[in-house]
Structure formats: structure tokens, C-alpha cells
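Read through the structure below, which is laid out as C-alpha cells, and then see the notes.
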Amino acid sequence: MARIFLIGFMGCGKTTLGRKLAAKLNYTFYDLDQLLEEQAGMSVAEYFSSFGETAFRVAEAEILKQTPYAENAVISTGGGLPCFFDNLTWMNTNGQTVYIKLSPKTLASRLESGKDERPLLRDKHGDELVAFIADKLSERESFYEQAHIIADGLGLSAEKLAGILKL
Ligand code: S3P
């Protein structure tokens, strides 16, 4: 059995890499934000504005722990998920965790488009966006770095990732 949890900041490529990795390994792919959207019948942005961040954190933790994953699965998580409750310990106990690491500058340039679906970033641009990411990342990195594997996200492909994993 292999369950691989991809963690890291918004924009690091968890969903894109996760989908490709799952296809390559012939594993089932899960995107926790997408599962939440399907179950709630609304987007993450709508969820934040209707119920607030605290309710979102409770809902995403429930989805993490209650999804009946296939034996072999690649699971992409929301950027904040490892930093709340005991989610990170739970993932470390129930699978292999991989932190996809990128610098605030690289994240900001990837996030400049696609910010609108991300309620935490919506109103930020340019240097303000880089500063916000640097700040949030420094709060979150002590969680992310507890992952079993830390992978440099620059130029990371599903092939490279498959080579790093201990399967
Ligand atoms: C969040 C990241 C998002 C989503 C929500 C909150 C965060 O997921 O869960 O907007 O707190 O970093 P992605 O990392 O998939 O964008």
C-alpha cells in the first residue's frame, strides 16, 4: 500500500504534479480541495466567503481523514492543510509526505494569474504579493519541513518525483 501526500504552498504544483504522478504510477489521484468543492457544492472561494476560514479548516481536515482512499493513491492537499490540527502527523502516519519546496519569488510569479480562486491572495499584487507569501511561508515552513521527503520544486517533473519516492 502506498499513499503519497503532496504538501506545500499554494502554487507549488501539487495538483498538476500529483495528477501526472498518479497517472505515471497507475495510482488513484485525489485533490482534497476538489473533493471539498464537490461535497460542499461550491468553490473554495465561495466556502471562505460563506462560512469563513475556521469552518473551512474543519471541513478540509474532515475530508483528509474521512476519504476512503484507494490502496495506492496520490493525494494533493490544500496549502494550509498541514498547518492545522494534527493533520500533518496524521498524514505522516498514514502515508508518505512530500513537501514541494519553492521560493516566495517563484511562487508569486506562478500565482499572479490564478489568484482569484485563492481567497487568501485575492487582493495582493507585485511586491505586496511576494511579501505576503514570504511571511506566510515562514509561518508554515516548520510544518512543511516535517514531511518525509523535501523535493525542490524548480523543474520538478512527475518522473523525477517518482524517482525520489520510496515505493
Ligand atoms: C489555501 C490553499 C488553497 C485552498 C485554500 C487555502 C492556503 O489550496 O485550500 O484557498 O491556506 O494556503 P492550494 O494550495 O491548492 O491552492
Side-chain angles (χ1 to χ4, degrees), residues 2-18 21 29-36 44-45 47-48 51-67 69 73-112 114-115 117-158 160-167:
R3 291 188 178 139
I4 300 156
F5 293 94
L6 302 183
I7 71 171
F9 207 81
M10 292 172 267
C12 72
K14 294 166 299 217
T15 300
T16 309
L17 277 169
L21 180 68
F29 176 65
Y30 300 83
D31 182 287
L32 297 185
D33 278 339
Q34 199 189 318
L35 288 178
L36 186 145
V44 166
Y47 200 98
F48 261 69
F51 305 116
E53 180 171 353
T54 308
F56 174 80
R57 297 304 171 194
V58 171
E60 69 172 358
E62 262 173 38
I63 296 208
L64 169 70
K65 295 177 186 175
Q66 284 167 19
T67 297
Y69 302 109
V74 175
I75 301 129
S76 295
T77 63
L81 179 131
C83 317
F84 289 85
F85 313 116
D86 63 344
N87 295 344
L88 182 63
T89 310
W90 190 91
M91 289 188 284
N92 274 340
T93 311
N94 287 279
Q96 220 179 116
T97 49
V98 184
Y99 169 31
I100 303 170
K101 185 170 177 158
L102 281 175
S103 71
K105 266 205 161 151
T106 307
L107 291 167
S109 71
R110 290 175 173 222
L111 284 164
E112 198 62 63
K115 262 187 323 176
E117 312 106 55
R118 293 182 164 104
L120 298 175
L121 304 177
R122 247 182 185 166
D123 320 315
K124 302 179 176 70
H125 307 275
D127 288 350
E128 198 199 347
L129 180 63
V130 181
F132 175 84
I133 293 171
D135 225 49
K136 259 272 171 277
L137 189 58
S138 75
E139 269 171 48
R140 290 180 170 182
E141 212 143 40
S142 64
F143 294 95
Y144 294 157
E145 288 187 341
Q146 292 173 48
H148 294 126
I149 295 170
I150 298 180
D152 181 353
L154 260 194
L156 187 62
S157 62
K160 267 196 209 168
L161 193 50
I164 303 171
L165 289 169
K166 298 170 187 95
L167 296 174

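Counting only distance, with no hydrogens or angles, the side chain of Thr67 and the backbone of Leu64 share no donor-acceptor pair below 3.5 Å.
Residue Phe48 holds its CZ atom at 4.5 Å from CG of Leu120, rounded to the nearest 0.5 Å. A distance of 12.0 Å separates CG of Leu35 from CD of Glu60, quoted to the nearest 0.5 Å. Note that CD of Gln96 is 5.5 Å distant from CG of Leu165, once rounded to the nearest 0.5 Å. Separation of atoms CG (Leu161) and CD1 (Ile100) is listed at 6.0 Å; rounding is to 0.5 Å. The distance from atom CG of Leu21 to atom CG of Leu17, rounded to the nearest 0.5 Å, is 8.0 Å. Note that the CD1 atom of Ile63 and the CG atom of Leu32 stand 7.5 Å from one another [nearest 0.5 Å].
Here the side chains of Ile7 and Leu88 are in contact, with some heavy-atom distance below 4.5 Å. For the pair Tyr69/Val74, no side-chain contact is recorded, criterion being any heavy-atom separation below 4.5 Å from C-beta on. In this structure, Leu129 and Lys115 have side chains that are in contact, with non-hydrogen atoms separated by less than 4.5 Å. Side chains of Lys101 and Tyr144 form no contact here, defined as non-hydrogen atoms less than 4.5 Å apart. Put simply, the side chain of Arg110 reaches to within 4.5 Å of the side chain of Thr106, judged on heavy atoms. Contact check for Leu102 versus Leu156: no side-chain heavy atoms found under the 4.5 Å cut-off. Side-chain atoms of Asn87 and Phe143, non-hydrogen and from C-beta on, never get closer than 4.5 Å to each other.
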Quiz: residues 76-85 side-chain donor-acceptor pairs under 3.5 angstrom, not counting sequence neighbours:
{"residue": "Ser76", "atom": "OG", "partner": "Lys14", "partner atom": "O", "Å": "2.8"}
{"residue": "Thr77", "atom": "OG1", "partner": "Leu6", "partner atom": "O", "Å": "2.8"}

Ignoring hydrogens and angles, write down the donor-acceptor pairs under 3.5 Å from the side chains of residues 146-153, residues two or more places apart or on other chains.
{"residue": "Gln146", "atom": "NE2", "partner": "Ser142", "partner atom": "O", "Å": "3.0"}
{"residue": "His148", "atom": "ND1", "partner": "Thr97", "partner atom": "N", "Å": "3.1"}
{"residue": "His148", "atom": "ND1", "partner": "Thr97", "partner atom": "OG1", "Å": "3.3"}
{"residue": "Asp152", "atom": "OD1", "partner": "Leu154", "partner atom": "N", "Å": "3.0"}

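Within the structure, no pair that satisfies the salt bridge (charged side-chain N to carboxylate O under 4.0 Å, His left out) test touches residues 122-133, not counting sequence neighbours. Listed by first then second residue, pairs satisfying salt bridge (charged side-chain N to carboxylate O under 4.0 Å, His left out) with a partner in residues 76-86 read Lys65-Asp86, not counting sequence neighbours.
The heavy-atom pair separating Thr15 from Phe29 by the smallest distance is O-CZ, 3.7 Å. Closest approach of Pro104 and Ile133 over heavy atoms only: CA-CG2, 3.8 Å. Taking all atoms of both residues into account, the shortest heavy-atom contact from Ala108 to Val130 is CB-CG2, 3.6 Å.
Applying the side-chain contact (heavy atoms from CB on, under 4.5 Å) rule to Ala131 yields no partners; only residues at least two apart in sequence or on another chain are considered. Residues passing the side-chain contact (heavy atoms from CB on, under 4.5 Å) test with Ser157 are Glu159, Lys160, sequence neighbours excluded.
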*Given Arg3 and Asn94, is the side chain to side chain contact (heavy atoms under 4.5 Å, CB included) satisfied, shown in steps?*
CA-CA 7 Å; Arg3 291 188 178 139; Asn94 287 279; 5.8 Å; no
